[in-house]
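Take a look at the structure set out below.
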Protein chains: 2
Amino acid sequence: MSATDAVTHVSDASLRKLIGYHMKRAFNVVQVDLVQTLKPFDLRMLTYTTLVLIKDNPGLRQSQLADAMDIERPNLVKIIDELEGRSLIIRDRVPNDRRAYALKPTPQGEILCNKAIKSVEQHEDQLLAGLDESTRSSLITALQLIQKSEPNRTP
Amino acid sequence: MSATDAVTHVSDASLRKLIGYHMKRAFNVVQVDLVQTLKPFDLRMLTYTTLVLIKDNPGLRQSQLADAMDIERPNLVKIIDELEGRSLIIRDRVPNDRRAYALKPTPQGEILCNKAIKSVEQHEDQLLAGLDESTRSSLITALQLIQKSEPNRTP
DNA sequence: TATTGTTATACTCTATAACTATA
DNA sequence: TATAGTTATAGAGTATAACAATA
């Protein structure tokens with residue numbers, strides 16, 4: 001194609017080889033779906049993940065939670081604030097360490113969390129209707145492998 | 001586990017079923033790697049993608065590019081500004097339509113782009129060393145399937 | 001000294017409304 | 001009137017440095 005022709009079809013051939021390209025685009029679709037699914041519960045992906053982890057691990061410290069979620073401690077503060085402000089969790093005290101909080105779900109937090117989990121699972125099942133069971137599980141396996149691989153920290 | 005025990009190991013059992021959870025974490029690893037790889041070229045994921053698409057589709061309009069990249073037109077402006085300011089691309093004129101620009105790579109833009117593509121491919125190959133060829137290709141296939149699936153726009 | 005949570009800050013990516021100049 | 005590019009702006013998510021209270 002000459003550079004003066006009008007572009008009628010955009011080629012992404014050079015990008016299609018890259019996992020990152022496919023992952024970003026696929027994740028976008030999943031995330032749009034997830035955001036829509038969580039909207040009735042007034043949750044975002046981050047607040048949802050936070051609530052689920054606290055429900056499954058009552059007594060968790062904020063630093064442990066940040067580690068588990070792979071985000072920095074300061075960024076967790078306002079998320080916790082939001083969930084606590086809505087009385088979905090509480091900042092209880094850790095015995096014998098007055099620096100730390102023991103994060104726990106409230107009864108209403110647990111109820112909302114369980115409803116949200118159910119809805120998310122249903123919607124995701126619908127979203128992945130085009131993928132059979134073996135495709136799904138090998139996808140998860142591959143994603144976990146990537147997660148464990150050490151990124152090159154040096155260029 | 002009682003709620004008063006200290007949490008020693010964080011369980012993410014409720015999240016592990018969700019594709020979005022794995023995708024976000026895996027994408028994070030890939031992106032950290034990509035950012036590091038692109039640093040020597042002074043490119044980010046967005047500027048890299050933009051440069052590659054312009055190199056592969058000279059004459060592209062900004063609106064076409066935004067469509068292809070799945071971002072909003074306004075968000076593309078400063079990316080184009082940056083690449084043009086570094087003389088990697090030019091905003092040429094589309095014949096017969098003085099509203100639109102025809103985006104084209106400069107010679108130095110093409111050279112940098114080719115070097116960057118090579119480096120990105122090498123680093124990604126290293127990053128995915130733990131995945132054999134068939135796992136990689138079925139991963140890409142699965143990601144493309146997800147990309148094509150219609151997200152539920154209604155909760 | 002080191003750690004927990006916090007504040008302040010900044011940078012990137014994203015999304016929307018409204019403008020201008022052209023068609 | 002519709003479209004291409006732009007401006008301004010606001011909201012998320014992310015990252016770092018520095019602080020107070022506590023270990």
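These values consider heavy atoms only, across backbone and side chains, with no hydrogens, waters or symmetry-generated copies. In what follows, chains are A, B, ... by sequence order, proteins preceding strands, each numbered from 1.
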Would you mind classifying the nucleic acid contact of Ile80(B) as base, sugar-phosphate or nothing, using non-hydrogen atoms under 4.0 angstrom?
-> nothing
Specify the residue among Arg44(A) and Ser63(B) whose closest nucleotide of DNA chain D lies further upstream toward the 5′ end.
-> Ser63(B)
Reckon Glu72(A) touches a base, only the sugar-phosphate, or nothing at all at heavy-atom distances under 4.0 Å?
-> base
Ile79(A) pairs by side-chain contact (heavy atoms from CB on, under 4.5 Å) with which of Thr50(A), Leu65(A), Leu51(A)?
-> Thr50(A)
Between atom CZ in Arg99(A) and atom P in dT4(C), what is the gap in whole Å?
-> 6 Å
Using a heavy-atom cut-off of under 4.0 Å over every strand shown, decide if Lys24(B) touches base, sugar-phosphate, or nothing.
-> sugar-phosphate
Report the distance from atom CD1 of Ile79(B) to atom P of dT7(D), rounded to the nearest whole Å.
-> 14 Å
What is the distance, rounded to the nearest whole Å, between atom CZ of Arg73(A) and atom P of dT4(C)?
-> 8 Å
Give the rounded distance in Å between these two atoms: CD of Glu82(B) and C1' of dC11(C).
-> 12 Å
So which nucleotide from dT22(D), dA4(D), dA17(D) ends up closest to the side chain of Arg61(B)?
-> dA4(D)
First encountered from the 5' end of DNA chain C, between Tyr101(A) and Asn28(A) | Tyr101(A)
dT7(C) P sits how many Å from Asn75(A) CG, rounded?
-> 13 Å
Whole Å only: how far is the CD atom of Glu84(A) from the P atom of dT6(C)?
-> 9 Å
If you look at every strand shown and take non-hydrogen atoms under 4.0 Å, does Ile71(B) touch a base, only sugar-phosphate, or nothing?
-> sugar-phosphate
Checking dT14(C), dT7(D), dG5(C) against the side chain of Val77(B) (C-beta onward), the nearest is dT7(D)
Return the value, rounded to whole Å, for the distance between atom CG of Asn96(A) and atom C1' of dT4(C).
-> 15 Å
Should Gln64(B) be listed as having a side-chain N or O under 4.0 Å from OP1 or OP2 of dA4(D)?
-> no
Hey, does Leu46(B) reach any base, or is it just sugar-phosphate, or nothing, if we go heavy atoms under 4.0 Å?
-> sugar-phosphate
Are Arg61(A) and Asp67(A) ion-paired here, with the side-chain N under 4.0 Å from a carboxylate O?
-> no
Ile146(A) backbone acceptor or donor facing Ser149(A) side chain under 3.5 Å = yes
Does Arg93(B) have a side-chain nitrogen or oxygen under 4.0 Å from the phosphate oxygens OP1 or OP2 of dA21(C)?
-> no
May I ask you to decide if Lys115(B)'s main-chain N or O and Ser119(B)'s side chain share a donor-acceptor pair within less than 3.5 Å?
-> no
In whole angstrom, what separates Gln31(B)'s CD from dT12(C)'s P?
-> 13 Å
Once you round to the nearest 0.5 Å, how far does CG of Leu128(B) lie from CD of Glu133(B)?
-> 9.5 Å
When you measure from the side chain of Pro74(B), which nucleotide among dA8(D), dG5(D), dT4(C) comes out closest?
-> dA8(D)
